[in-house]
Amino acid sequence: MNTVIYYFTGTGNSLAVARKIAEDTGAELIGIPAALKAPQKIAKDSTIGIIYPLYAGGLPQIVVRFLKSISLADAGYVFFVATEGGRMGAPSAQVKRLSSAAGHAADASWWIQMPDNYIPLSAPPEIPEQKKMYDAAQTKAALIAESVRNRGKYLESMSFSGKLMGLAYGPFIKALPKSDEKFCISPRCSECGICVSVCPADNIRIGNHGKHVWLHQCEGCLACLHFCPEEAINVGRKTALRPRYRHPTASVADMKKQKGE
C-alpha cells in the first residue's frame, strides 16, 4: 500500500513530525512547495498525509493552495497533522471541508505541540522545555503512525482557545502576503543568500549592494529570520532581542529539498 506524506515547514517542527511518521509507516516524504511546482497524480487506494504548522487556528495558505491543486479522489485514506506552539487542537472542520472538495473527506486529523517559533509575539521556550516537547511529540507521532497503518478514523477537535483564535484566521491569512513589508535587514547581513535558499515561497531576491527585495507573496513562516546565520533579519523592532529557533534536526539543505531543489 503506497503512503505519501506531504509537509510544509518553516523551522523544521513539521518536518521532524513528518519524518517520524514516515519512518514508522514507510511513507515517501514530499515538500508541499515542491509538489505545487511539480504536481503528481495520487495513486489508487494510497494513504495520503498532510503535515503542517497551525496558523491562527487554521491551515497555512500554501497548504490550502496545495489541497485545491490536487485530486484526492483515488486516495484510500487521508490524514492531517498540525504542529503548534500552543494547545489549540486540530482544525478538523477546515481540513475535512478542503479534503472533501479535493475528492476524499479527511479520515483523521491530529495535532502535536512543538516549540512556538513565532517570535514577533513571544520568545521560544527555553531549551529544557523544548526537549520535553520533542520527546512528547515523538511519542504522539508514533501513536499517530500506528493509527495511520490501521487506517484509524479519528478527528481531534479545537479547544476553546483554538476556536477563539480561529476568529482571527481570515484577516491573518489575508494580510500575510504583504507581511514582508515589516521585515528589515541589519548591517550584520553578509549577503550569504541563505534567506533566499530557505524561503518556501521564493519571496526574496537580493539585488545590487545587498538590497533585499520582498515580492509580497510571504507565507509568514519566518524561515528567513530563523535560519539567517547573522540574525540580520527582523520583523520591525520586536524580534531583535529575541532568540531564534529552529528544530535541531533541520538544515538549510532540508529547506531547499522542501522546495524540490
Side-chain angles (χ1 to χ4, degrees), residues 2-19 21-22 25 27-44 46-55 58-75 78-83 94-95 98-99 101-104 106 117 173-174 176-180 183 192-207 212-228 233 246-247 249-261:
N2 188 45
T3 301
V4 180
I5 293 175
Y6 296 94
Y7 67 92
F8 170 59
T9 194
T11 59
N13 282 344
S14 293
L15 175 57
V17 169
R19 279 173 166 161
I21 296 175
T25 60
E28 177 184 4
L29 281 178
I30 299 177
I32 285 176
L36 280 168
K37 294 174 184 176
Q40 297 180 348
K41 181 177 173 55
I42 300 298
K44 190 73 174 177
S46 58
T47 292
I48 301 298
I50 294 96
I51 300 180
Y52 60 94
L54 194 71
Y55 276 22
L59 276 68
Q61 190 57 33
I62 193 170
V63 180
V64 173
R65 291 200 306 275
F66 170 67
L67 287 168
K68 290 181 177 180
S69 74
I70 63 170
S71 172
L72 295 174
D74 286 336
V78 177
F79 73 94
F80 292 77
V81 182
T83 61
Q94 184 186 22
V95 300
L98 287 167
S99 60
H104 186 114
N117 56 20
I173 289 295
K174 185 177 180 181
L176 270 185
K178 291 189 176 182
S179 65
D180 56 17
F183 289 10
C192 66
I194 285 177
C195 57
V196 176
S197 297
V198 302
C199 177
D202 293 324
N203 186 50
I204 308 170
R205 300 288 185 270
I206 299 180
H212 286 60
V213 179
W214 312 93
L215 304 180
H216 307 319
Q217 56 194 32
C218 183
E219 286 292 335
C221 70
L222 301 184
C224 58
L225 181 152
H226 288 292
F227 277 87
C228 174
I233 301 177
R246 67 187 192 196
H247 193 279
T249 65
S251 67
V252 171
D254 290 328
M255 298 301 293
K256 294 173 69 174
K257 186 176 181 180
Q258 175 181 214
K259 300 194 295 180
E261 296 178 1

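Keep in mind that the numbers below use all heavy atoms, side chains included, and drop hydrogens, waters and symmetry copies. One is the number of the first residue; the rest follow in order along the sequence.
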For this session: Go through F183 and C218 one step at a time and tell me if the side chain to side chain contact (heavy atoms under 4.5 Å, CB included) criterion holds.
Result: CA-CA 11 Å; F183 289 10; C218 183; 4.3 Å; yes

For this session: Please tell me if the side chains of R19 and L15 come closer than 4.5 Å, counting only heavy atoms from C-beta onward.
Result: yes

For this session: Identify the two heavy atoms, one from K259 and one from A34, that lie closest to each other, and give their separation to 0.1 Å.
Result: C-CB, 3.6 Å

For this session: Could you tell me whether a side-chain N or O of Q61 sits under 3.5 Å from a main-chain N or O of E219, the two making a donor and an acceptor?
Result: no

Seminar exercise, completed: Residues passing the side chain to side chain contact (heavy atoms under 4.5 Å, CB included) test with A16, sequence neighbours excluded, are M114, H247, T249

For this session: Hey, could you give me the CD1/NE2 distance between I233 and H226, rounded to the nearest 0.5 Å?
Result: 10.5 Å

For this session: Could you tell me whether a side-chain N or O of S14 sits under 3.5 Å from a main-chain N or O of G10, the two making a donor and an acceptor?
Result: no

Exercise. When you measure from the side chain of S71 to the backbone N and O of A73, does any donor-acceptor pair fall under 3.5 Å?
Worked result: yes

For this session: Check side-chain hydrogen bond (donor to acceptor under 3.5 Å, both in side chains) between S69 and all other residues, then give those that pass, not counting sequence neighbours.
Result: none

Exercise. Is any side-chain heavy atom of L98 less than 4.5 Å from a side-chain heavy atom of F66?
Worked result: no

Problem set entry | Any P200 side-chain heavy atom under 4.5 Å of F8 side chain | yes

For this session: Report yes if the side chains of W214 and P177 come closer than 4.5 Å at any heavy-atom pair, otherwise no.
Result: no

Exercise. Which heavy-atom pair separates P33 from I62 by the least distance, and what is that distance?
Worked result: CG-CD1, 3.9 Å

Problem set entry | Side chain K37, main chain G260, donor-acceptor under 3.5 Å | no

For this session: Please step through side chain to side chain contact (heavy atoms under 4.5 Å, CB included) for the pair V81 and I21, ending with a clear verdict.
Result: CA-CA 10 Å; V81 182; I21 296 175; 4.1 Å; yes

Exercise. Would you find a donor on one side and an acceptor on the other, under 3.5 Å apart, between the side chain of S99 and the backbone of V95?
Worked result: yes

Exercise. Quick one: are I30 and I5 in side-chain contact, heavy atoms under 4.5 Å?
Worked result: no

Problem set entry | T3 and T25: side chain donor to acceptor below 3.5 Å | no

Seminar exercise, completed: Nearest heavy-atom contact between A43 and N2 is CB-ND2, 3.8 Å

Exercise. Is any side-chain heavy atom of V64 closer than 4.5 Å to a side-chain heavy atom of Q94?
Worked result: yes

For this session: Grab the two heavy atoms, one from I50 and one from V78, that are nearest each other, plus how far apart they are.
Result: CD1-CG1, 4.3 Å

For this session: Just do the side chain to side chain contact (heavy atoms under 4.5 Å, CB included) check on I51 and F80 with the steps written out, would you?
Result: CA-CA 6 Å; I51 300 180; F80 292 77; over 6 Å; no

Exercise. Taking atom NZ of K256 as the centre, does the number of heavy atoms from other residues, nucleotides or ligands within less than 6.0 Å exceed 12?
Worked result: no

For this session: Of all the heavy-atom pairs spanning G220 and L176, show the shortest one and how long it is.
Result: CA-CD2, 3.8 Å

Exercise. Side chains of L72 and D74: does their closest heavy-atom pair fall under 4.5 Å?
Worked result: no

Problem set entry | Separation between NZ of K174 and OG of S179, rounded to the nearest 0.5 Å | 14.5 Å

Exercise. Given C228 and I194, is the side chain to side chain contact (heavy atoms under 4.5 Å, CB included) satisfied, shown in steps?
Worked result: CA-CA 6 Å; C228 174; I194 285 177; over 6 Å; no

Exercise. What distance do L215 atom CG and D180 atom CG have between them, rounded to the nearest 0.5 Å?
Worked result: 7.5 Å

Exercise. S46 and I48: which non-hydrogen atoms are nearest, and at how many Å?
Worked result: OG-CD1, 3.6 Å

Problem set entry | Euclidean distance, C221 SG relative to M255 CE, rounded to 0.5 Å | 5.5 Å

Problem set entry | Between T11 and N117, a side-chain donor and acceptor under 3.5 Å | yes

Exercise. Got a donor-acceptor contact below 3.5 angstrom from the N203 side chain to the H216 backbone?
Worked result: yes

For this session: Without swapping roles, check the side chain of Q258 against the backbone of T9 for a donor-acceptor pair under 3.5 Å.
Result: yes

Exercise. Any side-chain heavy-atom pair from I206 and V196 closer than 4.5 angstrom?
Worked result: yes

Exercise. Is the Y7 to Y52 ring centre distance short of 6.0 Å?
Worked result: no

